[in-house]
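Let me begin by presenting the structure, written as structure tokens, before commenting on it.
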Amino acid sequence: MNFVKRSSLTLKHMAKHKTLSASAGDDEADPEAERLAEKQETYKQKVKTLHATTLDARAQLAEAFFQLGNASQCLESLSGHEIDPLSAKAALGLPFDAGEETDDSQTFLELIEGAERAKATAGVMQEAFHGSFGEGMQNALLGPLEAELEAFARTEAFVAKKHAAVMEARHYRDKCAALNASSKTKDQEKLARNQEKSTEAAAAETVATSDLAGAMKAHDAAREDLVINRVTELKGMLHRFCELVLTALSMEPAMIQLTKGKTELDRANIYGDVNVESAMARLRRGVATMTTGSRTETASMKFAHMRKHAATTFTLASKNVKNEDAEEGADPLALEVDEMAKRYEKARAVLEQLRGTVEKLSKWYESGFEQLAAVAGELAAVVPEDELARNPEKTQAVLQFHATLEEARAALQATFLEPTANQVVAPLAAGLDAYADLGPMLKDRRAKALERNHYQAKLAALEQQSLELNAKDGASDKAKQQMQERLERNRTKAFETDEQAKADALACRDRLRAFSFFSREQCTEVAKAIVPLQRGFYVALAEKVVRGMSLDVNATPVDQRAAEKLRALMAKGVVAPQAGMTADKHAATEAVRLRSESGSFRGASGHSGELGLARSLSGFDAPDRPAPSPGGDPMDPTAMAGRKASLSSAETDQVRAYMMAQAAAGQASPQAAAAAPDPFA
């Protein structure tokens with residue numbers, strides 16, 4: 001109990017009994033209650049810290065999955081023809097050069113397919129997160145913690161009640177002792193009344209002590225529940241989480257086609273905003289955007305042109321019947337480059353957004369699993385040190401839980417964060433930097449186009465003036481000669497600026513085409529890499545969960561089924577022929593069996609533990625090979641065509657059963673392995 005609360009109770013007691021005696025010995029009024037209150041406050045702060053850390057971990061991991069959906073939307077935007085610079089000619093209806101129509105069309109089709117796969121996978125992964133981790137964390141840990149925080153308020157009331165009861169009982173004991181020592185008749189009459197009150201106060205003290213002891217026992221039971229039962233539920237939650245996520249990352253092409261368009265991506269992080277931005281920061285960002293916009297640059301460029309040609313700009317503008325847009329539209333090359341430039345600005349903005357989104361994805365993955373490991377650490381900190389030494393068998397689970405999550409953080413760094421930075425973020429950044437010259441090139445081309453338009457308009461005006469001068473009676477030969485000289489000079493300038501504008505347009509078109517090729521190829525690589533990189537990490541995480549977080553005997557049937565499916569998915573991943581692994585199904589099946597029995601997996605690179613397995617399963621360097629649909633396949637698109645838009649729980653179980661059957665087919669016998677359809681053929 002803090003000083004303010006204790007002082008308030010003391011003052012109430014003094015006012016009730018009109019005495020100052022309570023203030024003298026109040027600190028020694030109930031040392032046992034003070035000790036319990038101090039212990040309770042320490043435990044309360046630990047629970048508050050654990051609750052806040054758990055909320056942060058869930059919100060940050062949810063942000064990672066939200067950014068995964070944003071990345072897939074960026075890929076979807078870049079796979080559309082609306083912002084592709086190379087599709088500008090087709091959009092304008094201009095004729096194609098020989099062989100230009102089908103140029104790089106295969107890469108574009110691969111990009112469209114990869115973007116569809118990334119979006120469908122991201123949507124299923126978000127559903128998997130919400131259905132397992134989001135709700136599971138609430139049920140496994142956050143709910144009990146919130147109930148414990150509510151119980152603290154009741155316990156504080158019991159502490160205050162006992163403190164007041166102790167002061168009341170002490171007051172009447174002291175008063176009865178003083179009256180008993182007195183020989184006055186009046187005091188003896190008071191003694192009888194105060195003895196009754198003393199008995200009532202003692203009974204009230206006993207009840208208050210019992211209530212407080214019951215509340216403390218409830219907190220001790222809750223503490224034990226956090227250390228034992230909550231850890232058991234958290235382990236089951238992680239089994240379900242890994243199983244659902246790996247199911248999403250292992251979807252066959254037929255399942256992707258079935259899921260495509262039926263899963264809506266998250267529009268916001270429903271577990272909290274982790275990107276809080278102040279109003280002043282938003283205002284500064286808005287001002288910066290306004291001052292660097294293309295409209296401002298275009299206006300500045302036009303004013304500079306008007307200052308350069310101040311003597312003729314306004315007169316030509318009034319006499320010229322053709323506007324700038326019409327002259328630009330008359331030239332197919334200029335029209336194409338203008339459209340390509342507009343698309344380039346949009347495509348570059350989306351590419352930069354994609355790079356930033358992937359960086360945020362890595363950031364929140366790292367921060368989220370760091371916070372998740374911190375949750376395990378805070379959970380272990382709830383256990384008193386004497387309890388660790390007294391009951392090591394009860395506390396071993398929470399310590400193992402913490403150690404496993406720390407290993408998962410190391411696996412995340414090796415299997416996802418570093419490869420993503422090297423294989424996704426770095427090439428995107430390098431490509432954007434390589435094409436940073438396009439902005440100045442397009443700006444310079446617009447300035448040269450203004451010069452060309454100016455001299456073409458000026459030449460047309462001078463030719464009209466020359467005709468009028470030659471037709472005018474009394475015009476001197478000198479005036480006609482001067483006009484002819486002006487015509488020759490401006491014809492030369494008009495020709496030179498026109499040739500320069502054409503050369504600039506060709507250079508910009510070639511550079512924009514190169515950028516379009518880069519955008520298509522790089523986005524295709526991102527679409528191909530984002531799923532295998534995550535699969536490599538989640539395989540490593542799943543192995544750690546299976547080995548380091550084995551379920552207890554009292555685990556729920558749902559968690560037990562999730563653990564079985566998770567092991568089946570991992571086995572299916574191991575037999576997949578990747579670079580450096582055997583293509584012999586029987587040999588791969590035997591390797592899976594031996595590794596499962598020994599409890600140790602080794603990847604193709606020879607690294608022990610989960611890191612080697614994850615590297616061998618990541619599949620980043622291996623080409624994507626579509627899986628054929630065998631006869632009677634429950635995932636056949638034609639068989640599923642008449643079904644409803646969203647997958648039911650029965651359909652989801654059917655798909656998972658099919659995936660496990662594929663994995664088990666290769667483990668039954670060499671004959672069965674040879675007969676089973678190879679999903680990677």
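Values in this document were obtained by computation on a predicted structure and should not be read as measured data.
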Does a side-chain N-to-carboxylate-O contact under 4.0 Å join K89 and E339? no

Taking the ring centre of each residue, are F537 and F369 less than 6.0 Å apart? yes

Within-4.5 Å side-chain heavy-atom neighbours: R547 and T404: no

Does any non-hydrogen side-chain atom of Q371 lie less than 4.5 Å from one of V375? no

Side-chain donor/acceptor of T420 to backbone N/O of L417, under 3.5 Å: no

Checking Y435 side chain against A514 main chain: does a donor-acceptor pair fall under 3.5 Å? yes

Quick one: pull up OG in S516 and CE in M340 and give me the separation to the nearest 0.5 Å. 6.5 Å

Close side-chain approach of L361 and F416, heavy atoms under 4.5 Å: yes

salt_bridge(R520, D84) N-O dist < 4.0 Å: yes

Would you mind reporting whether T121 and I530 have side-chain heavy atoms less than 4.5 Å apart? no

Measure the acute angle between the ring planes of F515 and Y344, then classify it against the limits of 30° and 60° as parallel, tilted or perpendicular. perpendicular

State whether the side chain of S367 and the backbone N or O of K363 hold a donor-acceptor pair below 3.5 Å, judged by distance alone. no

Can you find a side-chain donor-acceptor pair between Y365 and Q534 that sits under 3.5 Å? yes

Given R343, R446, R445, the one that forms side-chain hydrogen bond (donor to acceptor under 3.5 Å, both in side chains) with D338: R445

From CA spacing to verdict: salt bridge (charged side-chain N to carboxylate O under 4.0 Å, His left out), R561, E564: CA-CA 5 Å; R561 286 196 299 269; E564 293 174 1; over 6 Å; no

Rounded to the nearest 0.5 Å, how far apart are CD of E370 and CD of E406? 8.5 Å

Looking at Q60 and G368, what are the two nearest heavy atoms and their distance? OE1-N, 3.6 Å

Does a side-chain heavy-atom distance below 4.5 Å link E525 with Q423? no

Please report the C-alpha distance between E521 and L111 in whole Å, then the side-chain angles of each, then the deciding distance to 0.1 Å, and finally whether the side-chain contact (heavy atoms from CB on, under 4.5 Å) criterion is met. CA-CA 8 Å; E521 293 172 359; L111 172 58; over 6 Å; no

Can you give me the closest heavy-atom contact between L354 and A71, atom names plus distance? CD1-O, 3.8 Å

Distance from M137 atom CE to L55 atom CG, nearest 0.5 Å? 9.5 Å

Is S250 close to R535 at the side-chain level, that is, under 4.5 Å between some pair of heavy atoms? yes

Do F129 and D266 have side-chain heavy atoms sitting under 4.5 Å apart? no

Worked check of side-chain contact (heavy atoms from CB on, under 4.5 Å) between K528 and E110: CA-CA 9 Å; K528 288 181 178 179; E110 291 179 1; 3.8 Å; yes

Between the CD atom in E243 and the CG atom in L238, the distance rounded to the nearest 0.5 Å is 13.0 Å

Taking all non-hydrogen atoms of both residues, which atom of A374 and which atom of T53 are closest, and how far apart? CB-CG2, 3.8 Å

Taking the basic N atoms (NZ, or NE/NH1/NH2) and the acidic carboxylate oxygens, is any pair closer than 4.0 Å for R355 and E352? no

Nearest heavy atoms of C523 and L351, plus distance in Å: SG-CD2, 3.6 Å

Is L258 close to M251 at the side-chain level, that is, under 4.5 Å between some pair of heavy atoms? no

Is a side-chain N or O of D444 found less than 3.5 angstrom from the main chain of P440, in a donor-acceptor match? no

Let me confirm one number: the OG-CD distance from S72 to Q67, rounded to the nearest 0.5 Å. 11.0 Å

Please step through side-chain contact (heavy atoms from CB on, under 4.5 Å) for the pair L75 and K119, ending with a clear verdict. CA-CA 8 Å; L75 290 174; K119 184 176 181 180; over 6 Å; no

Here the pair of heavy atoms bringing A411 nearest to K544 is CB-CE, 3.7 Å

Please evaluate residues Y271 and F66 with respect to the criterion side-chain contact (heavy atoms from CB on, under 4.5 Å), reporting the C-alpha separation (whole Å), side-chain torsions for both, the decisive distance (0.1 Å), and the verdict. CA-CA 11 Å; Y271 300 107; F66 175 62; over 6 Å; no

Ignoring hydrogens, what is the shortest heavy-atom contact between L246 and A542? Give both atom names and the distance. CD1-CB, 3.7 Å

SG/C242 to CG/L541 distance, rounded to the nearest 0.5 angstrom? 4.0 Å

